[in-house]
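To keep things clear, I will list the structure first and then write my remarks on it.
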Protein chains: 2
Amino acid sequence: MKKTTIKDVAKYAEVSPATVSYVLNGVKKVSDDTKRRVLEAVEVLNYYPDFTAISLSKKKSNLIGIMLPLVEDSPASVFKNNLYYNEFVSGVESVARNRKFDTMIAGVGNPEECRNWVKKRNLDGLIFLGMFSQHLYNELKALNIPTVLIDTYEEYTNLFDNVKVNDEHGGYLATKHLIDLGHKDIGFVATSLISSPVDTKRFEGYKKALQEAGLGLDKKLIFETKDITFDNGLKIGKKIVNYNRKLTGIVTVSDVLAIGIIKALQKQGKQVPGDYSIVGFDDLTISNYTTPSLTTVRQDIIEKGKTAGNLLLNSIESIDTEHQTVEMPVELIIRESTQQRN
Amino acid sequence: MKKTTIKDVAKYAEVSPATVSYVLNGVKKVSDDTKRRVLEAVEVLNYYPDFTAISLSKKKSNLIGIMLPLVEDSPASVFKNNLYYNEFVSGVESVARNRKFDTMIAGVGNPEECRNWVKKRNLDGLIFLGMFSQHLYNELKALNIPTVLIDTYEEYTNLFDNVKVNDEHGGYLATKHLIDLGHKDIGFVATSLISSPVDTKRFEGYKKALQEAGLGLDKKLIFETKDITFDNGLKIGKKIVNYNRKLTGIVTVSDVLAIGIIKALQKQGKQVPGDYSIVGFDDLTISNYTTPSLTTVRQDIIEKGKTAGNLLLNSIESIDTEHQTVEMPVELIIRESTQQRN
DNA sequence: CTGAAAGCGCTTACAG
DNA sequence: CTGAAAGCGCTTACAG
């Protein structure tokens with residue numbers, strides 16, 4: 001079955017291919033009569049323009065890329081551990097689809113790889129999910145294509161569009177909630193306070209809440225772990241059970257971590273929220289599934305993806321010309337993992 | 001920064017663009033000396049061929065598509081509920097990447113949409129995740145591009161490559177496990193035994209195990225629900241608590257359903273596995289996170305994605321010319337949601 | 001308002 | 001072994 005091309009349409013409508021292109025692109029004033037004939041031909045022949053050809057001649061692919069950190073040579077494991085990405089990608093995809101863009105996903109190992117990918121596929125724009133080296137951002141800048149960064153606080157980051165979340169407020173809400181429930185010995189679990197600006201922000205909120213309540217900051221109550229995995233949550237949970245410090249409330253930087261901690265506590269015969277009240281962060285779909293279900297700071301991740309997608313597309317279509325930073329709101333969702341202190 | 005093209009390389013190497021193309025494609029015998037000069041030029045100029053152009057002239061895009069059922073006009077909600085898809089897509093992506101293909105994801109609303117997408121983007125192959133109408137498959141056949149179907153049992157399905165799982169054996173393993181633990185009153189929870197062939201197969205396994213053990217089949221112990229969601233699990237769980245039939249073991253067609261059921265049982269003050277032993281299906285990442293963690297029939301979903309990807313790419317590259325059906329193995333993973341009957 | 005022609009960056013018979 | 005030329009399916013100054 002031979003593919004219908006613009007020539008076929010032109011022939012059928014008895015005009016030139018150029019004219020067909022004009023009406024399809026809404027460019028120039030084509031007479032109504034001609035327009036009608038072309039549209040009819042398109043209809044009859046069931047014609048759909050070849051994006052590859054359009055892409056080549058317009059130098060625009062209608063394709064955006066979402067870059068993920070590459071682990072073990074494939075984004076697979078990232079997806080497996082980080083339920084968060086999943087929903088984010090869906091959000092982006094959904095706005096892209098509505099605006100006639102397709103979206104591709106790729107893991108980025110090194111800056112060269114990223115650049116090549118953009119060149120190879122003529123990507124119109126990029127969304128970066130996760131943290132990358134400054135070197136990469138320099139490359140990006142040189143590439144000079146619309147780019148939006150997610151959850152970055154680094155300085156050189158202002159050169160791009162940004163979507164982030166009110167992390168400080170999130171940390172504050174979680175901590176305040178525990179304080180309101182009567183907890184006084186509240187721990188904070190994060191990946192790394194120095195290398196993760198996001199966690200640092202949340203920590204600021206934690207400190208602020210403590211301070212407001214006249215509670216001191218006990219450095220012994222701060223737990224750091226390498227990255228956000230269930231297993232790391234497990235480890236911290238075990239540590240907490242045998243800890244030589246009083247501790248009844250735990251603020252966490254991620255649901256997955258919180259779930260791991262709860263699981264470990266339960267295994268050691270502890271009750272949540274009976275013995276420990278725990279707050280997560282993100283409100284993943286699964287936070288509802290666990291027992292106890294998780295009290296958490298919700299960020300609307302799909303909405304975040306949509307926002308990033310719209311920002312990017314606006315920039316591609318020159319609707320917004322200046323770099324913007326959008327901060328998404330955050331909300332405390334109270335479920336079963338927290339309760340009044342005994 | 002102007003893009004480096006094949007002409008630039010040709011000029012630098014003092015050959016024709018055609019020759020550059022030859023060496024890059026390993027076609028025809030180019031003299032070693034020429035080859036060396038070309039390769040050097042490529043290196044020096046940091047040249048990467050434009051896939052868009054290649055795609056247009058070769059009529060091959062090095063792009064494969066994964067089609068998902070479209071819910072609410074976007075695949076977003078599908079992803080949100082079906083943690084399964086997520087891992088599958090990662091598997092496909094990972095083999096595609098290794099074989100120099102990129103992969104795109106799209107929701108498919110109707111057959112036309114699907115066809116247009118293939119034409120628009122010159123997709124080389126398609127993977128279908130989920131169930132679609134026979135009408136769609138007819139369209140597909142007409143499109144005549146390599147296609148692999150996942151988990152289908154319908155007859156017209158033999159016209160394509162297939163990847164499925166040993167569903168019957170899975171149902172058997174789950175049921176046998178409960179029987180071995182002393183359970184005699186074992187329920188079966190599925191979506192729809194008539195409209196879902198996958199569930200029917202698993203049900204066959206369930207029946208077989210009962211029969212082998214000399215246990216009768218009680219139709220009152222079969223629960224059907226519309227689709228696989230946590231909420232539907234919740235509903236069935238509630239129903240089970242107040243059921244007028246003895247029931248201590250539950251075989252389920254999905255982890256998400258099982259988790260919902262457990263949650264509902266726990267809410268009503270029941271113990272799992274104390275009062276009920278429950279077996280899931282899939283072994284999603286999160287099955288480890290719940291309390292109790294889930295005994296389940298594991299299918300290696302990432303591996304399934306990889307298999308589908310390889311099948312598709314083999315077919316695209318004419319390595320395999322005949323339609324194949326691959327059946328993936330299944331394995332019982334015993335965790336905390338099942339125990340000896342009291 | 002409409003069309004001929006050149007161009008986007010590659011590939012591939014064909015000729016030599 | 002190498003290259004000139006036509007072609008893939010579009011778009012877009014430019015001319016009329």
Side-chain angles (χ1 to χ4, degrees), chain A residues 1-39 41-42 45-63 100 116-124, chain B residues 1-39 41-42 45-63 100 116-124:
Chain A
M1 185 168 85
K2 199 71 188 60
K3 181 169 185 168
T4 311
T5 75
I6 202 172
K7 284 187 190 170
D8 302 320
V9 177
K11 194 172 296 174
Y12 188 97
E14 301 182 302
V15 297
S16 72
T19 300
V20 175
S21 173
Y22 295 148
V23 351
L24 258 26
N25 288 296
V27 82
K28 298 212 183 180
K29 16 198 170 126
V30 182
S31 77
D32 283 351
D33 184 54
T34 310
K35 194 180 294 176
R36 201 183 38 65
R37 292 217 314 281
V38 169
L39 260 17
V42 166
L45 300 180
N46 193 19
Y47 169 69
Y48 287 89
D50 182 329
F51 271 43
T52 306
I54 295 177
S55 174
L56 185 59
S57 67
K58 272 198 182 167
K59 319 225 97 322
K60 177 171 188 307
S61 59
N62 271 57
L63 225 41
K100 308 293 173 205
N116 296 338
W117 198 50
V118 171
K119 281 164 59 179
K120 263 175 25 185
R121 292 285 182 196
N122 287 124
L123 264 28
D124 292 337
Chain B
M1 184 168 83
K2 199 75 186 58
K3 180 171 185 164
T4 312
T5 75
I6 202 173
K7 285 188 192 172
D8 301 321
V9 177
K11 192 171 296 171
Y12 189 96
E14 302 182 303
V15 296
S16 72
T19 299
V20 175
S21 173
Y22 294 147
V23 351
L24 257 27
N25 288 296
V27 83
K28 299 211 186 178
K29 17 198 170 126
V30 182
S31 76
D32 284 351
D33 185 55
T34 311
K35 194 181 293 176
R36 201 184 38 66
R37 292 218 312 282
V38 169
L39 261 16
V42 166
L45 301 180
N46 193 18
Y47 169 70
Y48 287 90
D50 181 330
F51 272 42
T52 306
I54 295 177
S55 174
L56 185 59
S57 67
K58 273 198 182 168
K59 318 225 93 327
K60 177 169 188 308
S61 59
N62 271 57
L63 226 41
K100 308 295 173 203
N116 295 338
W117 198 50
V118 172
K119 281 164 60 178
K120 263 174 25 184
R121 293 284 181 195
N122 286 123
L123 263 28
D124 291 337

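Model, not experiment: these values are computed from the prediction. Chain identifiers are assigned alphabetically (A, B, ...) following the order of the sequence lines, protein sequences preceding nucleic acid strands; residue numbering begins at 1 within each chain.
- Distances shorter than 4.0 Å separate none of the side-chain N or O atoms of A:Ser16 from OP1 or OP2 on C:dA4.
- The main-chain N or O of B:Asn122 is never found under 3.5 Å from a side-chain atom of A:Asp50 such that the two would form a donor-acceptor pair.
- Residue B:Ser31 has a polar side-chain atom (N or O) positioned under 4.0 Å from OP1 or OP2 of D:dT2.
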Worksheet, complete the sentence: Per-nt protein contacts along nucleotides 9-16 of chain D (heavy atom under 4.0 Å; B base, S backbone sugar-phosphate only, - none) come out as BBSBBB--

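- The closest side-chain heavy-atom distance from B:Arg36 to B:Asp33 is below 4.5 Å.
- Around the NZ atom of B:Lys11, the shell of radius 6.0 Å holds no more than 12 heavy atoms that belong to other residues, nucleotides or ligands.
- A 4.5 Å side-chain heavy-atom check between A:Ser55 and A:Thr52 finds every atom pair outside the cut-off.
- In this structure, the NZ atom of B:Lys11 is 16 Å from the C1' atom of D:dG3, given to the nearest Å.
- Side chain to side chain, B:Asn46 and A:Lys119 fail the donor-acceptor criterion of an N or O pair below 3.5 Å.
- Residue contacts shown for B:Thr34 are limited to sugar-phosphate atoms, with no base heavy atom under 4.0 Å away.
- Residues A:Tyr47 and A:Leu24 meet the side-chain proximity criterion, which asks for heavy atoms closer than 4.5 Å.
- A donor and an acceptor atom, one from each side chain of B:Asn25 and B:Lys58, are located under 3.5 Å apart.
- The backbone N or O of A:Lys60 sits nowhere less than 3.5 Å from a side-chain atom of A:Asp124 that would complete a donor-acceptor pair.
- The strand DNA chain C forms stems, runs of 3 or more Watson-Crick or G-U wobble pairs with distances below 3.5 Å, at C:1-3 with D:14-16, C:5-12 with D:5-12, C:14-16 with D:1-3.
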